[in-house]
Number of protein chains: 4
Amino acid sequence: MYKIGIVGASGYTGVELARLLVNHPDVELAVATSRQYAGQKLADVYPNLRGLTDIVLEDVVFADLVDRADLFFTAVPHQTAMNIVPAFLAAGKKVVDLSADFRIKDAQVYEAWYQAHIAKEFLDEAVYGLPEINRAQIKGARLVANPGCYPTAILLGLAPLLKNGLVDPATIIADCKSGASGAGRAASVATLYCEVTAGFKAYKVGSHRHTPEIEQEISRLAGQEVAISFTPHLVPMVRGILSTVYAGLVKEVTQDEVDDLYRDFYQNERFVRPCLPGTFPSTHFVRGSNFCDIGCKVDLRTGRIVIVSAIDNLVKGAAGQAVQNMNILLGLDEAAGLGVVPLFP
Amino acid sequence: MYKIGIVGASGYTGVELARLLVNHPDVELAVATSRQYAGQKLADVYPNLRGLTDIVLEDVVFADLVDRADLFFTAVPHQTAMNIVPAFLAAGKKVVDLSADFRIKDAQVYEAWYQAHIAKEFLDEAVYGLPEINRAQIKGARLVANPGCYPTAILLGLAPLLKNGLVDPATIIADCKSGASGAGRAASVATLYCEVTAGFKAYKVGSHRHTPEIEQEISRLAGQEVAISFTPHLVPMVRGILSTVYAGLVKEVTQDEVDDLYRDFYQNERFVRPCLPGTFPSTHFVRGSNFCDIGCKVDLRTGRIVIVSAIDNLVKGAAGQAVQNMNILLGLDEAAGLGVVPLFP
Amino acid sequence: MYKIGIVGASGYTGVELARLLVNHPDVELAVATSRQYAGQKLADVYPNLRGLTDIVLEDVVFADLVDRADLFFTAVPHQTAMNIVPAFLAAGKKVVDLSADFRIKDAQVYEAWYQAHIAKEFLDEAVYGLPEINRAQIKGARLVANPGCYPTAILLGLAPLLKNGLVDPATIIADCKSGASGAGRAASVATLYCEVTAGFKAYKVGSHRHTPEIEQEISRLAGQEVAISFTPHLVPMVRGILSTVYAGLVKEVTQDEVDDLYRDFYQNERFVRPCLPGTFPSTHFVRGSNFCDIGCKVDLRTGRIVIVSAIDNLVKGAAGQAVQNMNILLGLDEAAGLGVVPLFP
Amino acid sequence: MYKIGIVGASGYTGVELARLLVNHPDVELAVATSRQYAGQKLADVYPNLRGLTDIVLEDVVFADLVDRADLFFTAVPHQTAMNIVPAFLAAGKKVVDLSADFRIKDAQVYEAWYQAHIAKEFLDEAVYGLPEINRAQIKGARLVANPGCYPTAILLGLAPLLKNGLVDPATIIADCKSGASGAGRAASVATLYCEVTAGFKAYKVGSHRHTPEIEQEISRLAGQEVAISFTPHLVPMVRGILSTVYAGLVKEVTQDEVDDLYRDFYQNERFVRPCLPGTFPSTHFVRGSNFCDIGCKVDLRTGRIVIVSAIDNLVKGAAGQAVQNMNILLGLDEAAGLGVVPLFP
């Protein structure tokens with residue numbers, strides 16, 4: 001029974017980690033921190049957890065908590081993460097960091113999109129935690145940079161095409177739509193119920209910080225430097241990302257060939273479900289689960305392929321993928337604790 | 001490993017049973033019927049289940065399916081249930097019926113609110129499946145009448161008061177609010193997205209068919225014949241019932257005494273969670289789970305007590321309670337397969 | 001062309017006033033204040049108004065603005081209102097106050113539920129602005145206390161019964177449900193999209209501040225002191241209040257008699273629409289409009305009557321009723337500017 | 001006072017026409033048909049209209065109704081429209097047809113995407129009713145083909161760029177998102193509340209019937225034959241379309257130049273509102289109104305421009321644009337009856 005700590009347990013990502021860990025057969029939630037709610041039971045802040053865990057939130061006092069867990073999730077904002085992760089590593093702990101701080105390999109790129117980086121020496125070591133692509137490297141790592149929600153949806157959708165050279169990376173356009181939980185639990189006018197429900201909008205058009213992360217990983221898969229168009233949108237729903245990606249085909253393929261490609265590429269993956277041919281995913285059918293569903297359409301009229309992928313942004317796009325990475329790091333069954341059936345309706 | 005059948009697996013209640021059973025450690029989903037989708041995989045109709053079950057829906061041919069399971073859930077409309085349940089019993093099977101057909105003990109009452117009853121001889125034998133009240137009788141039963149969603153929320157909220165004679169049953173008013181999944185999956189204009197979202201209304205004011213069921217069970221708990229006011233409302237959400245019940249106090253009690261009463265009454269129950277004193281439930285915190293959360297307020301200004309209870313109508317109000325009853329009938333851990341953590345946010 | 005000022009124009013109620021006034025044939029929006037957004041165009045803060053008004057928000061500098069309008073709406077929180085209303089009156093302006101500060105006649109009651117009152121000398125003079133009940137007094141007033149949203153829905157529903165002595169006021173229970181816009185536009189975790197959507201809860205059970213206002217007006221209509229049970233609930237929708245009121249009948253009446261009573265009572269009212277017999281209102285059908293729809297059910301089984309009423313909380317429950325009061329105060333057509341057709345779907 | 005008829009008044013588009021016409025200063029709703037609800041008052045089917053119109057729905061008996069109006073809206077499904085429009089024209093009536101039947105100029109294209117056309121002789125004459133582009137032709141027409149909702153949003157967004165030759169039409173990708181009211185009011189499982197809310201999906205990927213209409217009009221604006229990628233998505237909201245269009249720039253332009261271009265192009269249009277530079281539209285701010293809001297982003301990293309436009313699909317995307325066309329046809333103020341302020345929140 002491994003002991004696990006969550007730094008930043010009272011945000012939506014943190015409590016989602018807790019939701020998954022309380023039912024995990026092989027680990028125990030031993031530490032949960034929250035500056036804002038220190039001293040309160042997590043289950044009093046999130047009453048859905050009542051009766052399931054008695055853990056008390058505590059302030060982040062490194063010396064007090066470092067010895068009480070084997071692995072830590074850092075579910076804190078970027079910039080905060082780079083300030084605490086090195087100490088955990090130094091203490092011999094494994095870390096799955098859910099912030100953006102260790103995802104970008106090139107510190108200059110990071111600093112252009114975020115702010116100054118104070119722990120650059122860990123950028124090389126950090127493994128980009130997309131298990132379906134980087135499973136082998138994750139196995140031996142001590143620091144996993146858990147991918148962003150949008151990049152996860154886009155990359156799982158594109159990987160089979162990029163690895164097989166079927167599309168021109170320079171033509172990639174990713175039009176993505178996310179539920180509101182991605183914005184976190186901070187009080188703000190922009191994410192009030194009345195400002196989100198019953199409306200739809202684009203935001204950070206051409207300027208979202210996930211752009212360099214997506215481009216880095218697409219470039220790696222494609223073997224060439226790539227710039228993409230990426231537009232995020234806010235959907236009036238809590239959970240879910242749907243990614244619609246367009247790319248120009250560089251060779252003639254049939255719909256059947258592409259359907260076979262996806263089926264084969266993901267045949268041993270337990271969390272990626274290519275849709276039945278001719279059908280497309282909905283965020284409905286992945287809600288609460290670690291699944292990524294993918295459908296695609298070869299459009300001969302335009303010479304493009306359209307790939308649609310769906311994840312739950314809080315699970316495969318954050319906490320679930322983090323638990324998957326934890327399982328790999330600890331040598332557990334990769335799907336342990338991740339058996340939640342998607343909740344529909 | 002018990003084998004289980006679901007008659008009526010393609011409605012929202014049926015697929016919710018499937019959701020719970022695919023993760024159940026001690027039973028196996030062996031039969032699933034659907035007239036409409038016979039021949040299709042359940043997971044093709046409900047893609048949330050892809051990768052989790054390969055069961056194929058079949059038409060209801062009694063002779064073909066009766067021997068393939070030990071216990072059957074009948075998740076069919078009232079009137080249909082009374083036509084098929086007797087045969088399963090005659091074949092020595094246990095049945096948890098999710099319709100209204102075996103809930104009302106008095107056939108005349110049933111026939112006044114529903115239609116003619118053709119299996120009256122089973123009304124006496126059927127046990128009203130509210131485990132927190134009738135656990136002992138359920139244990140030895142072969143036919144359990146699974147309670148309605150509204151009655152479950154109301155009765156769990158009122159039971160401690162009624163059993164202790166604290167309120168005047170003649171003063172009970174139950175103002176209840178349900179999500180739209182209670183209306184089922186039939187195509188109809190009234191339950192279209194555009195007709196439900198962003199609006200709120202009462203329906204079947206003073207005439208809902210759950211009224212006699214609620215009155216029967218309140219009368220039993222109170223030891224006297226009772227008529228109540230019951231008004232259901234439709235909330236623009238999928239899952240959840242919140243029940244707000246008003247009753248006149250017949251003796252002076254303090255808020256503390258009532259809080260203690262609820263805590264004691266339900267202290268050994270795994271699915272009933274009295275709220276912290278001074279707090280009230282939200283359907284948010286029970287979503288997807290078998291929990292019933294209860295809060296109450298002693299109002300000395302008016303001499304009334306207000307009891308607020310919340311359940312997921314598809315789980316504790318239907319499929320989850322049915323699985324709980326199944327567990328009792330089969331001698332399993334009562335909570336087996338019901339460990340789903342409520343999904344919030 | 002009267003000139004109108006809105007003090008507090010950037011909250012949901014303030015901008016709703018602006019929405020109605022920009023289309024009003026007889027008045028001109030001349031002043032709009034906002035501490036937070038002073039210096040910005042109202043239409044830049046609320047882009048729905050782009051192209052419809054160029055008014056610039058300004059800070060509340062009394063001397064600068066008092067002479068620029070004939071009538072002021074004070075759409076500010078309670079306690080703020082009592083600090084500014086007297087000065088407008090002293091300057092000879094008419095005021096429609098949308099806060100609670102001048103609704104409660106008994107200063108002691110006000111102070112028990114709110115805080116100290118510093119302008120008690122205006123309590124007698126202020127007219128409770130429910131035109132359907134107090135039209136005559138509003139006509140000659142200079143200060144109208146615009147009713148709360150819940151009280152409006154409850155009182156319009158109960159007035160015909162109370163005025164005709166059909167119900168026992170001591171038995172009144174008001175179970176009310178409101179959309180989230182009632183909470184205003186302040187940043188807070190409790191009203192985030194993810195905390196409101198897809199859930200339903202009661203709040204301030206037995207302790208909401210509208211209670212004394214409702215009791216005061218019911219007492220006036222009934223001619224006796226009354227204490228009621230009032231429970232507000234939060235519905236995952238933006239606009240709308242549905243009020244379900246229960247009361248014991250004191251004489252035998254038929255459904256037809258009650259239907260006739262409502263039709264007659266409101267026959268000359270342009271904003272109250274009794275539902276067709278046997279039908280009940282939905283907040284859907286009043287959205288964006290100043291209508292109050294009312295349905296009722298005589299329940300002989302329990303000796304009670306159930307009255308269901310629906311309003312848009314931002315219109316008939318706030319800004320629309322305020323404009324209606326303004327029209328009366330200024331001698332305009334009472335419905336001027338209030339012709340918006342309810343938006344459905 | 002012109003007399004107006006609506007053929008197909010009980011669908012969402014039909015009742016939206018009625019909503020706009022009851023407040024129109026220069027026309028009178030004289031005829032409203034509905035096969036399903038013939039004999040009922042429109043206001044009993046849609047209680048939002050109670051007190052605003054007494055019109056009774058009637059069956060479509062051409063001889064009975066043709067003489068009672070000067071202009072007819074045909075708000076019926078494609079294929080139905082082509083069966084009735086010619087008779088109205090033959091009787092000397094003007095027609096605004098809201099179906100797809102007269103939008104496609106090339107009968108072969110129409111028949112490839114829809115079905116056989118039985119009134120091809122009117123295709124040449126019909127004017128594509130996008131007033132901001134085709135106002136002059138609409139003026140003298142007797143048959144206006146009211147544009148589809150998606151095409152309206154896309155074309156208004158692209159017109160300034162295409163007319164000025166700034167983008168390569170072959171690179172156009174339109175990723176569009178619509179609320180559920182676009183699916184109409186027919187009972188179906190796919191549009192049930194529980195199937196739409198809280199989820200997001202693409203549909204008819206690469207195969208939606210608006211594709212040829214969009215391509216026809218883009219080709220006309222661009223002066224060359226164009227094939228585009230078009231993907232519609234279903235948003236869990238009632239009203240609104242947001243269109244995100246990507247196109248490759250063919251010359252270097254600055255953001256300022258493009259902002260100026262849009263401002264100038266639409267400076268005399270009352271229903272198109274270019275957003276403030278650096279801001280993007282939301283469907284929130286056009287709800288219930290005839291506005292189209294447009295924002296755009298020049299992305300030098302990728303050499304593309306991203307254009308985001310928002311409309312209310314039932315208004316500028318259907319009934320509002322139809323009324324705008326009616327106003328032009330009848331020589332009325334083009335904005336008459338279209339002054340509804342967008343409803344926010």
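On a predicted model such as this, the values are computed, not experimentally measured, just so you know. In what follows, every chain begins at residue 1, and chains take the letters A, B, ... in the order their sequences are listed.
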J.: If we ignore angles and hydrogens, is there a donor and acceptor under 3.5 Å between the side chains of Ser181(B) and Asn313(B)?
T.: yes
J.: Could you tell me whether the side chain of Thr33(A) and the main chain of Gly8(A) form a donor-acceptor pair under 3.5 Å?
T.: yes
J.: By the definition side chain to side chain contact (heavy atoms under 4.5 Å, CB included), identify the one residue from Val245(B), Ile307(B), Val308(B) that meets it with Cys296(B).
T.: Ile307(B)
J.: Indicate yes or no: does Arg239(A) engage Glu16(A) in a salt bridge with an N to O separation below 4.0 Å.
T.: yes
J.: Side chain from CB out, backbone as N, CA, C, O: work out which of these in Leu52(A) comes under 4.5 Å of a heavy atom of chain B, or both, or neither.
T.: side chain
J.: For chain B, which of Phe291(A), Phe285(A), Phe344(A) has the most heavy-atom pairs under 4.5 Å?
T.: Phe285(A)
J.: Would you mind telling me which of Pro281(B), Pro47(B), Gly339(B) has the largest number of heavy-atom pairs within less than 4.5 Å of chain A?
T.: Pro47(B)
J.: Please identify, among Ala198(B), Cys275(B), Gly179(B), Ser289(B), the residue contributing the most non-hydrogen atom pairs under 4.5 Å to chain A.
T.: Cys275(B)
J.: Identify which part of Arg50(A) has an atom lying under 4.5 Å from any heavy atom of chain B, answering side chain, backbone, both or neither.
T.: both
J.: When you check the gap from the basic side-chain N to the acidic O, do Glu195(B) and Lys201(B) get nearer than 4.0 Å?
T.: no
J.: Under a 4.5 Å cutoff for heavy-atom pairs, which residue among His284(A), Arg273(A), Arg19(A) has the most contacts with chain B?
T.: Arg273(A)
J.: Could you tell me which portion of Leu314(A) (side chain, backbone, both or neither) has an atom closer than 4.5 angstrom to a non-hydrogen atom of chain B?
T.: side chain
J.: Glu132(A) and Gln324(A): side-chain donor and acceptor closer than 3.5 Å?
T.: yes
J.: Name the region of Val238(A), side chain, backbone, both or neither, that has any atom closer than 4.5 Å to a heavy atom of chain B.
T.: side chain
